[in-house]
There are 2 protein chains.
Amino acid sequence: MKCNSYDDFFRNFANKTKLRIIMLLKNTPMSVNELSEKMGEEQSKVSHNLAKLARCSVVAVEQQGKKRIYSLNKETVLPMLRLVEKHVKKNCDMRCKQ
Amino acid sequence: MKCNSYDDFFRNFANKTKLRIIMLLKNTPMSVNELSEKMGEEQSKVSHNLAKLARCSVVAVEQQGKKRIYSLNKETVLPMLRLVEKHVKKNCDMRCKQ
DNA sequence: ATTTCATATGAATAAGATTTCATTAGTGGT
DNA sequence: ACCACTAATGAAATCTTATTCATATGAAAT
């Protein structure tokens with residue numbers, strides 16, 4: 001199945017696990033295991049989440065030996081994050097996280 | 001309560017009802033009833049959804065007589081929508097809606 | 001061909017979000 | 001003060017999404 005509506009797309013950012021993955025991939029592409037370890041989360045959980053991110057092209061995959069390296073679609077995601085950051089600074093609570 | 005994390009913020013776009021409200025407010029500010037009628041949705045549903053949008057400053061409210069007029073925070077929302085539109089055009093399925 | 005490492009998948013469960021329905025609370029007019 | 005109109009609220013029910021756990025699949029090495 002594919003990402004085929006705006007809300008589908010935004011769901012990839014409306015969840016802490018996915019957002020954490022996104023933040024980690026901002027710096028460098030990683031395999032599922034690497035992510036899993038850095039996050040202290042189960043492999044399966046990370047994999048399920050990556051699947052959703054991938055089907056909306058928020059991340060891309062590339063096979064490298066046994067590993068599958070996931071990387072962020074920076075073209076869309078970075079400006080997106082910048083927008084929100086700005087918004088939050090301007091409008092949101094001091095208690096804002098992240 | 002206030003919008004205090006990125007995922008909180010994005011949840012306002014990760015749902016068809018909220019997105020419909022946003023789209024309607026793009027053109028013109030409206031009262032709860034007006035939205036409710038245009039959408040063919042219950043007043044209470046619209047109100048609940050507006051409350052969430054408002055607490056993240058995605059919309060703003062202004063009292064006008066008995067009515068409360070909701071308007072879109074265009075500064076954040078318009079560029080956001082543009083980004084997604086572009087992303088969807090480039091990456092997503094032909095079956096893409098909206 | 002077998003083993004090992006790496007990841008994906010499916011189904012059941014758990015968690016979370018949205019909607020509904022009934023009710024309450026404001027605002028202005030009479 | 002009362003009425004009509006407009007909108008907000010709370011709790012229960014429903015719907016959706018995420019997580020977990022067990023298992024399957026794929027890729028390379030031996």
Side-chain angles (χ1 to χ4, degrees), chain A residues 1-25 28-71 97, chain B residues 1-25 28-71 97:
Chain A
M1 211 203 281
K2 269 238 172 187
C3 184
N4 54 22
S5 58
Y6 284 14
D7 59 295
D8 243 28
F9 175 81
F10 281 113
R11 211 156 297 129
N12 293 299
F13 300 87
N15 160 287
K16 293 210 199 299
T17 307
K18 296 195 183 69
L19 230 31
R20 260 185 99 196
I21 294 178
I22 288 170
M23 293 308 183
L24 283 167
L25 294 179
T28 165
M30 271 185 248
S31 73
V32 181
N33 264 337
E34 281 181 278
L35 278 167
S36 178
E37 278 167 29
K38 299 221 182 202
M39 299 173 66
E41 301 276 12
E42 228 197 321
Q43 174 269 321
S44 162
K45 179 173 173 178
V46 175
S47 181
H48 274 298
N49 276 281
L50 282 168
K52 299 232 166 127
L53 291 169
R55 97 188 170 76
C56 287
S57 306
V58 174
V59 302
V61 210
E62 192 203 357
Q63 189 86 28
Q64 226 169 76
K66 305 186 184 182
K67 302 190 175 175
R68 314 196 82 206
I69 306 297
Y70 283 87
S71 60
K97 276 136 201 162
Chain B
M1 212 202 282
K2 268 240 174 187
C3 186
N4 54 20
S5 59
Y6 283 15
D7 59 294
D8 242 28
F9 175 81
F10 281 114
R11 211 156 296 127
N12 294 298
F13 300 88
N15 158 287
K16 293 210 199 297
T17 308
K18 295 195 186 65
L19 229 31
R20 260 185 99 197
I21 292 177
I22 288 170
M23 293 307 181
L24 283 168
L25 294 180
T28 165
M30 271 185 250
S31 73
V32 181
N33 264 336
E34 279 181 279
L35 278 167
S36 179
E37 278 167 28
K38 298 221 184 203
M39 298 172 68
E41 301 275 14
E42 229 198 322
Q43 175 269 319
S44 161
K45 179 172 174 180
V46 175
S47 182
H48 273 299
N49 277 281
L50 282 168
K52 300 230 165 129
L53 292 167
R55 98 189 169 77
C56 286
S57 306
V58 174
V59 301
V61 211
E62 193 203 355
Q63 188 87 27
Q64 227 169 76
K66 305 186 185 184
K67 302 190 173 174
R68 314 195 82 205
I69 305 299
Y70 283 87
S71 61
K97 277 137 203 165

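We name chains A, B, ... by the order of the sequence lines, and we start the count at 1 in each one.
Mapping A/R68 and B/K18 onto DNA chain C via the closest heavy atom, the residue that lands nearer the 5' end is A/R68. Toward the 5′ end of DNA chain C lies the nearest nucleotide of A/Y70, the other residue of the pair A/A14 and A/Y70 mapping further downstream. Positionally, the nearest nucleotide of DNA chain D for B/V32 lies more toward the 5' end than for the other of B/V32 and A/K52.
Qualifying side chain to side chain contact (heavy atoms under 4.5 Å, CB included) partners for A/S36, counting only residues two or more places apart in sequence or in other chains: A/Q43, A/V46. Residues satisfying the salt bridge (charged side-chain N to carboxylate O under 4.0 Å, His left out) test with A/R11, not counting sequence neighbours, are A/D7, A/D8. In this structure, the side chain to side chain contact (heavy atoms under 4.5 Å, CB included) partners of A/K38, at least two apart in sequence or on a different chain, are A/L24, A/M30.
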Notebook entry, point to check: Between A/K18 and A/N49, does a side-chain hydrogen bond (donor to acceptor under 3.5 Å, both in side chains) hold up when you go through it step by step?
Noted result: CA-CA 6 Å; A/K18 296 195 183 69; A/N49 276 281; 3.2 Å; yes
Notebook entry, point to check: Does the salt bridge (Lys or Arg N to Asp or Glu O under 4.0 Å) test come out yes or no for B/R20 and B/E41, once each step is laid out?
Noted result: CA-CA 11 Å; B/R20 260 185 99 197; B/E41 301 275 14; 3.7 Å; yes
Notebook entry, point to check: Can A/L50 and A/V61 be said to form a side chain to side chain contact (heavy atoms under 4.5 Å, CB included), step by step?
Noted result: CA-CA 9 Å; A/L50 282 168; A/V61 210; over 6 Å; no
Checklist line | Where protein sits on nucleotides 24-30 of chain C, one letter per nucleotide: B base, S sugar-phosphate only, - none, heavy atoms under 4.0 Å | finding: ---BS--
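Between A/F10 and A/Y6, the ring planes lie perpendicular to each other; the angle is over 60°, past the 30° to 60° tilted range.
Chain A approaches DNA chain D within less than 4.0 angstrom (heavy atoms of the protein), and the contacting nucleotides run 5' to 3' from D/dT17 to D/dA28.
Using N1 to N3 plus N6-O4 or O6-N4 for Watson-Crick, or N1-O2 and O6-N3 for G-U wobble, each under 3.5 Å, D/dT30 pairs with C/dA1.
Scanning both residues, B/L19 and B/F13, for their nearest heavy atoms gives CD2-O, 3.4 Å. Minimum heavy-atom separation, A/I69 to A/P29: CG2-CB, 3.6 Å. The two atoms that bring A/T17 and A/N15 nearest to each other are N-OD1, 3.0 Å, heavy atoms only.
To the nearest angstrom, P of C/dA15 lies 16 Å from CZ of B/R11.
The only option from A/V59, A/I21, A/L53 that meets the side chain to side chain contact (heavy atoms under 4.5 Å, CB included) definition with A/Y70 turns out to be A/V59.
Applying a 4.0 Å cut-off to non-hydrogen atoms, the residues of residues 36-49 of chain A that approach DNA chain C are A/Q43, A/S44, A/S47, A/H48, listed by residue number.
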